[in-house]
Amino acid sequence: MNVIQFPGEELSNATRKSLVANEPVALRTYTPTQAVLKSSAGIFHFTADGRRLYDYSSGVLVANLGHNPVRWTKNLLARMGWHNSSGQFAGESNEEYFPAVPLTAYNAISEVEAQATQRLLASLQKSTLGNRLQQVMWAASGSEAVQKALWACLHRDEERDIILATRFGFHGKKGLAGAVTGSERDADRDPRVKFIAFPMQECDDHSKTEFDPAPYQQELEGIWNQFGSRINCLITEPYLGGGGSYHPPAAYLQLVQEWCRQHDILFILDEVQANFGRTGEMYAFEKYGIEPDFVCLGKGLGNGVPVSAAAGRADIMRSLKYGEASDTWSANPLGCAAVLATLDEFESTDIIAHTQSLTPIFLAGLDALKETGLVTRVRGEGMVFGIECAEAGSLHAGEVANRIVQAAYLGDGSGDGIHLLGALAGKVIRISPPMTITHEQAKTSLQLLQNVVSKLASELT
Ligand SMILES: Cc1ncc(COP(=O)(O)O)c(C=O)c1O
């Protein structure tokens with residue numbers, strides 16, 4: 001196995017080597033940089049060899065508030081009882097243990113769980129569009145939240161076993177979440193899952209074209225004629241995230257929801273990636289004007305502490321019995337405390353308005369990359385964008401994307417670089433910095449990206 005190495009990065013290279021020896025590469029998605037992060041603060045990562053990188057990924061849309069925010073961290077420590085009211089470590093140095101919130105409360109209830117559940121529901125129900133989001137099932141990862149939402153729906157009526165999913169979506173890799181990801185072309189499909197079209201052509205650039213509902217209506221009618229009341233639920237993402245950043249006209253999601261309502265089909269919106277501000281609204285269902293029966297939440301929900309949730313209709317969840325949606329980590333107090341600390345930030349700051357003010361800056365900066373010839377399309381909203389790469393010379397678009405990721409890491413000689421995720425859908429680079437990036441940092445880093453991509457273009461063409 002070839003180990004990715006960079007000249008002059010002694011410490012990082014040693015870490016990269018040791019991981020390739022001791023872990024399968026399958027554990028991480030491919031990036032040509034395999035950046036070794038030593039510490040992170042706000043929108044910056046610092047590598048083991050002292051490189052400073054603008055984080056254009058937020059993990060994978062997780063650290064929406066930036067990395068290690070002071071107020072959020074203090075809040076988390078206090079909520080866990082690790083810090084006392086004057087901000088000092090709460091334990092006595094002469095004692096072996098100290099009383100604080102337990103890290104596990106399995107088969108029990110913690111106060112922090114009850115608070116997090118109440119606060120999350122209040123946040124979801126702030127708009128009337130969240131009326132159906134009446135109860136919460138906690139989990140640790142996005143896939144588990146999706147799985148739990150699907151379990152609840154399938155339990156409603158065993159005769160209704162068909163799940164509809166929008167083609168080329170990403171809902172995770174595990175269990176039922178994996179089953180509703182991708183398309184019928186993937187091998188060993190769960191026969192209960194049927195795929196329907198997502199409007200990809202209609203969102204080919206950020207300036208959306210007219211939406212013609214007719215072909216989508218026809219497809220839905222066809223599928224109803226085929227499976228009828230065996231259809232249990234329909235799951236979609238507000239926008240295709242992992243599928244390459246396709247942000248649909250709101251009319252599409254509204255049409256799908258209306259069709260679901262007509263046929264008493266449960267409508268699940270997977271907001272694992274979109275929640276907590278990414279679309280420029282707290283929740284994507286607010287942005288798109290829809291009222292889902294279930295939403296799946298994750299990633300930014302805990303700003304980096306692993307926590308996820310499926311929120312939805314109480315009458316549907318009631319069909320699950322004691323233990324049917326429980327696991328070791330669901331509703332663990334640390335995750336719940338992180339949700340509370342994150343909600344506190346969203347509710348007491350202007351982060352959503354700030355995110356909205358960043359959108360035109362990013363769209364303009366990313367659109368300018370088209371001038372280099374290496375980027376053909378820019379799609380996105382709020383603070384989540386995808387730039388689609390073009391082929392250049394003998395390099396196909398995917399290779400161009402990899403070269404951009406690598407060049408951004410190395411920077412333009414000014415001292416800083418940019419941390420980018422590896423390409424999505426073969427050739428799309430995701431741009432999703434923490435939403436706390438300032439206008440000035442946004443402009444400086446976009447200029448850095450422009451310099452890097454322009455230089456690469458002159459080398460490749
Ligand atoms: C929309 C969506 N759903 C579900 C998931 C799966 O989340 P996890 O990787 O935490 O299982 C992801 C992850 O990228 C996602 O983007």
Side-chain angles (χ1 to χ4, degrees), residues 26-31 57-64 137-151 153 163 165-183 193 195 198 200 203 233-248 253 267-279 283-285 287-288 290 292 294-312 325 327-330 332 335 338-339 342 379-386 420-425 428-432:
L27 196 59
R28 50 184 49 78
T29 52
Y30 175 75
T31 63
S57 73
S58 306
V60 56
L61 300 108
V62 170
N64 291 353
M137 284 186 287
W138 294 103
S141 68
S143 332
E144 292 167 88
V146 169
Q147 169 121 333
K148 288 184 183 186
L150 289 169
W151 277 342
C153 294
I163 303 169
T166 40
R167 206 168 280 127
F168 308 125
F170 185 78
H171 302 283
K173 294 175 188 157
K174 297 183 284 274
L176 278 177
V180 292
T181 285
S183 77
V193 180
F195 289 92
F198 192 92
M200 292 169 78
C203 35
C233 58
L234 184 153
I235 183 163
T236 187
E237 289 170 86
Y239 59 86
L240 295 191
S245 218
Y246 289 89
H247 301 253
L253 291 171
F267 180 47
I268 309 172
L269 189 69
D270 177 356
E271 289 217 22
V272 164
Q273 176 174 129
N275 63 192
F276 279 38
R278 273 291 154 191
T279 62
Y283 300 102
F285 68 80
K287 177 78 180 275
Y288 285 91
I290 47 179
F294 278 84
V295 291
C296 305
L297 311 171
K299 293 189 191 281
L301 178 64
N303 204 53
V305 174
V307 58
S308 68
D327 45 55
T328 306
W329 303 117
S330 47
N332 77 81
V339 172
T342 309
R379 295 184 286 268
E381 62 186 311
M383 268 296 274
V384 52
F385 308 94
L420 294 167
L421 292 173
L424 302 168
V428 179
I429 299 177
R430 159 60 40 81
I431 308 290
S432 53

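Order of appearance sets the numbers: ligands from 1, and atoms from 1 within every ligand.
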Would the distance check show the side chain of Ser183 and the main-chain N or O of Arg167 forming a donor-acceptor pair, the cut-off being under 3.5 Å? no
Test your reading of the model: is there a side-chain donor-acceptor pair from Arg430 to the backbone of Phe385, 3.5 Å cut-off? yes
Give the minimum heavy-atom separation between [X] and [Y], together with the two atoms involved.
X	Y	answer
Ser308	Leu297	CB-O, 3.2 Å
Val307	Gly302	CG1-CA, 3.7 Å
Lys287	Glu381	NZ-OE1, 2.8 Å

Tell me: protein heavy atom nearest [atom], and distance?
atom	answer
atom 2 (C) of ligand 1	Phe170 O, 3.2 Å
atom 3 (N) of ligand 1	Asp270 OD2, 2.6 Å
atom 9 (O) of ligand 1	Ser143 OG, 4.4 Å

Check each atom of ligand 1 against the heavy atoms of Ser141 and keep those under 4.0 Å away; list them by number with element. 10 (O), 11 (O)
Atoms in ligand 1 with a heavy atom of Gly172 nearer than 4.0 Å: 4 (C), 5 (C), 6 (C)
My understanding is that we take every heavy atom of each candidate and find the minimum distance to atom 5 (C) of ligand 1. Doing that for Gln273, Glu237, His171, Lys173, which one comes out nearest? His171
Is there side-chain contact between Leu301 and Val272, with at least one heavy-atom pair below 4.5 Å? no
Spacing of Ser58 atom OG and Met383 atom CE [to the nearest 0.5 Å]: 7.0 Å
Lys299 and ligand 1 - part of the residue with a heavy-atom distance under 4.0 Å: side chain
Would you say Val60 contacts ligand 1, with heavy atoms under 4.0 Å as the rule? no
Is there a nitrogen or oxygen of Gly142 sitting under 3.5 Å from a nitrogen or oxygen of ligand 1? yes
